[in-house]
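All values reported here derive from a predicted model rather than from experimental measurement.
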Amino acid sequence: MARMDLENKFRGAMLGSALGDAIGELAFGLGDRAALTAAVDRCPSLVYTDDTAMAIGVAEVLVAHGGLDPETLGRRFHDNYRREPWRGYGPGPPALFALVEREGLSYAATAQRLYGGEGSFGNGAAMRVTPVGLFVSTDPEFEDLARASAEATHAHPVGVDGAVVQAAAVASAVELDPVAPFDAAGFCRRLADIARTSEMRTRLASVERLLAEGARPARAAAEFGFGIAVQDSLPFALYAFLTHTDSFENCLFIAALHAGDRDTVGAMACAVSGAYLGIDAIPAEWLAKLENRDLLDALARRLAAAGERRAARLNG
């Protein structure tokens, strides 16, 4: 893939995910597309939440170190949380950070102690994994890096598996040509082959079935549920993308208006859509309002350059 094409897709994924997050956050309490569009038009700045704040942390570590490990990433998350604790973090990260400070354990070891010793199977690891999917988009051995990115905060196998599947979805979208015919069933099956847990494989099979049946968004949302568990929210994000592969806007509105965890589903769905369609498919008026747009754009470009260098080393 040509450098500019790669950058276009990386920028589409990073900025697209942030827009899905910010617009999804606006969507809470709104019932239809007209109301959400009006809310976006009125909003002077599209402000993202912890979803994008943590994705920025992942990207920062990747471009600084050419890779990541749970401890380095956990420290970056912790530092970023101290600077911006108001980003809308759920209960998991603050509890983990407080426990690390109190007991001095590693981030990965602390993550294993949460939720009764089972670890989290929420969507927090998947919502932020976009930079990993981009960085390893040409690397068949991507799974270890995706797992490491999750293990800083998530120890439950399903929580980790969701991050791996979302990273694979982003990586696959980067590699696909948006002009060529899109094989939605094949996309689902590839992700199911990568998934390690029965929970994720079953849900991905449900996505494929709903697509084949032409299921409407309300039915898909009802089947997957409206919680923050990654085995519920990630499949609906993939459904939103796979039913509207040709339109970033339509993908975002399906994700933001039908999901329960609207900002996170928007972030995950729009990361894949942006990686597939590229930044030129994203409305310019939305990009102009996106908070810290220049930072996100710079990180996307640096990820493209770093990913190319890593691919060259692996292939050399």
Side-chain angles (χ1 to χ4, degrees), residues 11-55 86-90 123-124 126-128 130 166 169 173 207 210-211 214-228 232-293 296:
R11 293 168 68 208
M14 285 292 291
L15 279 77
S17 182
L19 280 169
D21 174 17
I23 295 175
E25 180 70 8
L26 281 179
F28 283 103
L30 300 178
D32 59 41
R33 182 167 180 157
L36 181 53
T37 299
V40 172
D41 290 344
R42 289 193 305 268
C43 193
S45 176
L46 295 172
V47 178
Y48 55 75
T49 76
D50 59 313
D51 301 47
T52 301
M54 297 189 86
W86 49 266
R87 284 286 180 190
Y89 287 84
N123 52 29
M127 75 187 187
R128 68 185 189 227
T130 293
Q166 173 69 1
V207 175
L210 290 168
L211 293 173
R216 303 292 296 171
R219 179 183 160 204
E223 178 159 335
F224 292 128
F226 302 96
I228 63 170
D232 299 335
S233 50
L234 175 56
F236 186 75
L238 293 171
Y239 164 88
F241 165 64
L242 291 168
T243 51
H244 294 88
T245 55
D246 61 341
S247 171
F248 179 89
E249 293 175 68
N250 289 340
C251 169
L252 189 155
F253 283 121
I254 292 297
L257 289 170
H258 294 86
D261 194 8
R262 295 182 174 200
D263 56 327
T264 298
V265 173
M268 293 187 294
C270 292
V272 185
S273 181
Y276 178 61
L277 295 172
I279 197 166
D280 293 337
I282 301 175
E285 61 271 23
W286 292 357
L287 289 169
K289 292 184 175 187
L290 179 61
E291 178 192 17
N292 286 334
R293 179 185 69 254
L296 289 158

**Report entry** Inter- and intrachain pairs under side chain to side chain donor-acceptor pair (under 3.5 Å), touching residues 214-227, at least two apart
**Finding:** Arg209-Glu223, Glu213-Arg219

Can you name the nearest heavy-atom pair linking [X] to [Y], along with the distance?
X: Ser45; Y: Glu291; value: OG-CB, 4.2 Å
X: Ala53; Y: Arg87; value: CB-CG, 4.2 Å
X: Ala256; Y: Gly24; value: CB-CA, 4.0 Å
X: Ala13; Y: Thr130; value: CB-CG2, 4.0 Å
X: Ala18; Y: Thr52; value: CA-OG1, 3.4 Å
X: Ile254; Y: Ala240; value: CG2-CB, 3.8 Å

Report summary line: Those residues at least two apart in sequence (or on a different chain) that pass side chain to side chain contact (heavy atoms under 4.5 Å, CB included) with Arg293 are Leu15, Leu287, Leu290

Which value, rounded to the nearest 0.5 Å, describes the distance between [X] atom [atom1] and [Y] atom [atom2]?
X: Leu296; Y: Leu19; atom1: CG; atom2: CG; result: 9.0 Å
X: Leu238; Y: Thr243; atom1: CG; atom2: OG1; result: 10.5 Å
X: Tyr89; Y: Met54; atom1: OH; atom2: CE; result: 5.5 Å
X: Met14; Y: Ile279; atom1: CE; atom2: CD1; result: 11.0 Å

Query raised in the report: Can you name the residues that form a ring pair (Phe, Tyr, Trp, His ring centres under 6.0 Å) with Phe248, not counting sequence neighbours?
Result: none

Report task. Would you please name every residue forming a ring pair (Phe, Tyr, Trp, His ring centres under 6.0 Å) with Tyr239, sequence neighbours left out? Result -> Phe236

Please tabulate, for side-chain N and O atoms in residues 263-275, each donor-acceptor pair with protein atoms closer than 3.5 Å (sequence neighbours left out).
residue: Asp263; atom: OD2; partner: Thr49; partner atom: OG1; Å: 3.3
residue: Thr264; atom: OG1; partner: Asp51; partner atom: OD2; Å: 2.5
residue: Thr264; atom: OG1; partner: Asp261; partner atom: OD2; Å: 3.3

Query raised in the report: Would a 4.5 Å heavy-atom cut-off, applied to side chains only, mark Asp21 and Met127 as touching?
Result: no

**Report entry** Ile228 atom CD1, over 12 foreign heavy atoms within 6.0 Å
**Finding:** no

Report task. Would you check, one step at a time, whether the test side chain to side chain contact (heavy atoms under 4.5 Å, CB included) holds for Arg262 with Ile23? Result -> CA-CA 9 Å; Arg262 295 182 174 200; Ile23 295 175; over 6 Å; no

Donor-acceptor contacts under 3.5 Å from residues 30-44 side chains, at least two apart:
residue: Asp32; atom: OD1; partner: Ala34; partner atom: N; Å: 3.3
residue: Asp32; atom: OD1; partner: Ala35; partner atom: N; Å: 2.7
residue: Arg33; atom: NH1; partner: Asn250; partner atom: OD1; Å: 2.7
residue: Arg33; atom: NH2; partner: Asn250; partner atom: OD1; Å: 3.2
residue: Thr37; atom: OG1; partner: Arg33; partner atom: O; Å: 2.8

